[in-house]
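See below for the structure under consideration.
All heavy atoms count here, side chains included; hydrogens, waters and symmetry mates do not. This chain uses plain numbering: 1 for the first residue, then up along the sequence. Values in this document were obtained by computation on a predicted structure and should not be read as measured data.
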Amino acid sequence: MNRLSPFNVVSLTLGFAFLYLPMLILVIYSFNKSKLVTVWAGFSTKWYGELFQNEAFLDAAWVTLKVAVVSSTCATILGTMAAYTLVRGGQFFGRTLFSGMIYAPLVMPEVITGLSLLLLFISIGLDRGTMTIVLAHTTFSMCFVSVVVSSRLMSFDRSLEEAALDLGATPFAAFRLVTLPIIAPAVVAGWLLAFTLSLDDLVIAQFVSGPSATTLPMKIWSSVRLGVSPEINALSSILIALVSVGVITASLASKRQTIRMQQEEQSAARIT
């Protein structure tokens with residue numbers, strides 16, 4: 001059994017401290033009574049109350065949540081379809097161009113993506129607002145979903161699909177009843193990744209948003225430029241809590257799905 005050396009322990013400790021210690025300090029100072037974010041004046045939850053009375057932040061949070069849910073759902077559907085086409089479609093005319101267009105947003109700078117989408121929306125006469133942000137987030141997050149689902153499909157045992165087809169299932173029924181339940185953890189992981197990317201995006205949203213649609217990162221950025229307020233710390237702490245709960249829930253669901261699949265495989269092996 002390999003044991004961690006003192007050097008590895010120290011390196012891991014420093015690495016995790018560098019990543020998570022600022023977040024911990026931010027959460028602690030979100031309960032600071034003082035209006036000065038760097039001066040501790042006692043424990044208080046008043047800034048959370050002030051946050052929930054701030055209409056500007058609440059409106060921005062509602063817009064961000066709507067955009068994230070809709071765009072991640074659309075990106076998951078389109079990304080799963082693209083991944084299935086690339087993995088199971090074999091060689092077809094335009095495959096190289098299709099795969100290049102799918103994976104281009106992975107390496108494309110966000111400034112270029114935002115500017116090109118802005119020019120597209122202007123050229124077709126589409127007013128900038130919530131819809132344009134949804135379209136933009138769907139465009140750049142779909143490739144991440146495609147990568148995650150493709151990796152799962154490549155390791156998928158195709159004999160299960162073939163068995164369903166031999167038993168009289170249509171290709172769509174085989175995908176719905178056999179393939180999709182097995183790759184469901186990858187699909188859920190892709191949705192969560194797209195949801196997180198949409199919540200975090202600032203650059204692309206700056207280009208494609210309009211006066212009637214301001215996302216939460218845009219609102220935070222505009223507020224921070226005038227100075228960090230304790231409400232920003234409270235809002236960031238809530239976001240950290242929500243993301244942590246989502247990651248833990250997804251991990252538990254994925255682990256439960258894996259255990260159930262292993263039990264079903266063991267049961268099938270005993271029967272045969």
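In this structure, Val203 and Val111 have side chains that are in contact, with non-hydrogen atoms separated by less than 4.5 Å. Counting heavy atoms from C-beta outward, Pro217 and Asp201 have side chains that stay 4.5 Å or more apart. Side-chain contact check for Tyr29 versus Leu24: every heavy-atom pair is 4.5 Å or farther apart. You'll find the side chain of Val67 reaches within 4.5 Å of the side chain of Ser198, heavy atoms only. Trp62 is not listed as a side-chain neighbour of Leu58, based on a closest heavy-atom distance of 4.5 Å or more. Using a 4.5 Å heavy-atom cutoff, the side chains of Arg128 and Leu118 are in contact. Side-chain contact between Val147 and Cys143 is absent, with no heavy-atom pair separated by less than 4.5 Å.
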Apply the test side chain to side chain contact (heavy atoms under 4.5 Å, CB included) to residues Leu117 and Leu135: give CA-CA distance (whole Å), side-chain angles for both, the deciding distance (0.1 Å), then the verdict.
CA-CA 9 Å; Leu117 289 172; Leu135 293 176; over 6 Å; no

Val149 and Val87: CA distance, side-chain angles, deciding distance, side chain to side chain contact (heavy atoms under 4.5 Å, CB included) verdict
CA-CA 10 Å; Val149 178; Val87 176; over 6 Å; no

Test Leu235 against Leu216 for side chain to side chain contact (heavy atoms under 4.5 Å, CB included), laying out the working first.
CA-CA 10 Å; Leu235 177 60; Leu216 195 56; 3.7 Å; yes

Show your working on side chain to side chain contact (heavy atoms under 4.5 Å, CB included) between Ser223 and Ile232 and close with a plain yes or no.
CA-CA 8 Å; Ser223 299; Ile232 301 295; 4.1 Å; yes

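Linking ILVMFWY side-chain heavy atoms closer than 4.5 Å, directly or via other members, places Leu106 and Ile112 in two distinct hydrophobic clusters. Under the 4.5 Å side-chain heavy-atom criterion for grouping Ile, Leu, Val, Met, Phe, Trp and Tyr, Ile220 is connected to Phe52 within one hydrophobic cluster. Ile133 is connected to Phe121 through a chain of hydrophobic side-chain contacts under 4.5 Å among Ile, Leu, Val, Met, Phe, Trp and Tyr, so both are in one cluster. In terms of hydrophobic clustering, with Ile, Leu, Val, Met, Phe, Trp and Tyr side chains grouped at heavy-atom distances under 4.5 Å, Leu65 and Val208 are assigned to different clusters. Linking Ile, Leu, Val, Met, Phe, Trp and Tyr whenever their side-chain heavy atoms come within less than 4.5 Å puts Leu115 and Ile122 in one cluster.
Closest of all the heavy-atom pairs between Ala213 and Ser209 is O-CB, 3.4 Å. Contact between Met108 and Thr113 at its shortest, heavy atoms only, is CG-OG1, 3.4 Å. A pairwise comparison of heavy atoms in Pro185 and Ile182 identifies CD-O, 3.4 Å as the closest pair. Across all their heavy atoms, Asp127 and Thr132 have their closest contact at O-CG2, 3.4 Å.
Ring geometry for His137 versus Phe140: interplanar angle over 60°, hence perpendicular rather than tilted (30 to 60°). Classification of the Phe175-Tyr84 ring pair by plane angle, with boundaries at 30° and 60°, yields perpendicular.
Summarising the geometry, atom CD belonging to Glu161 is positioned 11.5 Å from atom CG belonging to Leu177; distances are rounded to the nearest 0.5 Å. Interatomic distance, CG of Leu86 versus CE of Met81, reported as 12.0 Å (0.5 Å rounding). To the nearest 0.5 Å, the span separating CG on Leu197 from CE on Met142 amounts to 13.5 Å. We find the CD1-CZ distance between Ile102 and Phe98 to be 4.0 Å, quoted to the nearest 0.5 Å. Rounding to the nearest 0.5 Å places CG of Leu78 at 11.0 Å from OG of Ser71. Rounded to the nearest 0.5 Å, atoms OG (Ser150) and CZ (Arg152) are 12.5 Å apart.
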Could you tabulate the donor-acceptor pairs under 3.5 Å formed by side-chain atoms of residues 237-249, not counting sequence neighbours?
from	atom 1	to	atom 2	distance (Å)
Ser237	OG	Ser30	OG	3.2
Ser237	OG	Asn233	O	2.8
Ser244	OG	Ile240	O	2.8
Thr249	OG1	Val245	O	2.7

Donor-acceptor pairs under 3.5 Å, side chain of residues 186-196 to any protein atom, not counting sequence neighbours: which ones?
from	atom 1	to	atom 2	distance (Å)
Trp191	NE1	Ser72	OG	3.2
Trp191	NE1	Thr73	OG1	3.2
Thr196	OG1	Leu192	O	2.8

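A 6.0 Å sphere centred on CZ of Phe43 holds more than 12 heavy atoms belonging to other residues, nucleotides or ligands. Within 6.0 Å of atom NZ in Lys33, 12 or fewer heavy atoms from other residues, nucleotides or ligands are found, so the atom counts as exposed in its surroundings.
The backbone N or O of Asn32 sits less than 3.5 Å from a side-chain atom of Trp47, completing a donor-acceptor pair. Under a 3.5 Å cut-off, the side chain of Thr45 and the backbone N or O of Tyr48 do not form any donor-acceptor pair.
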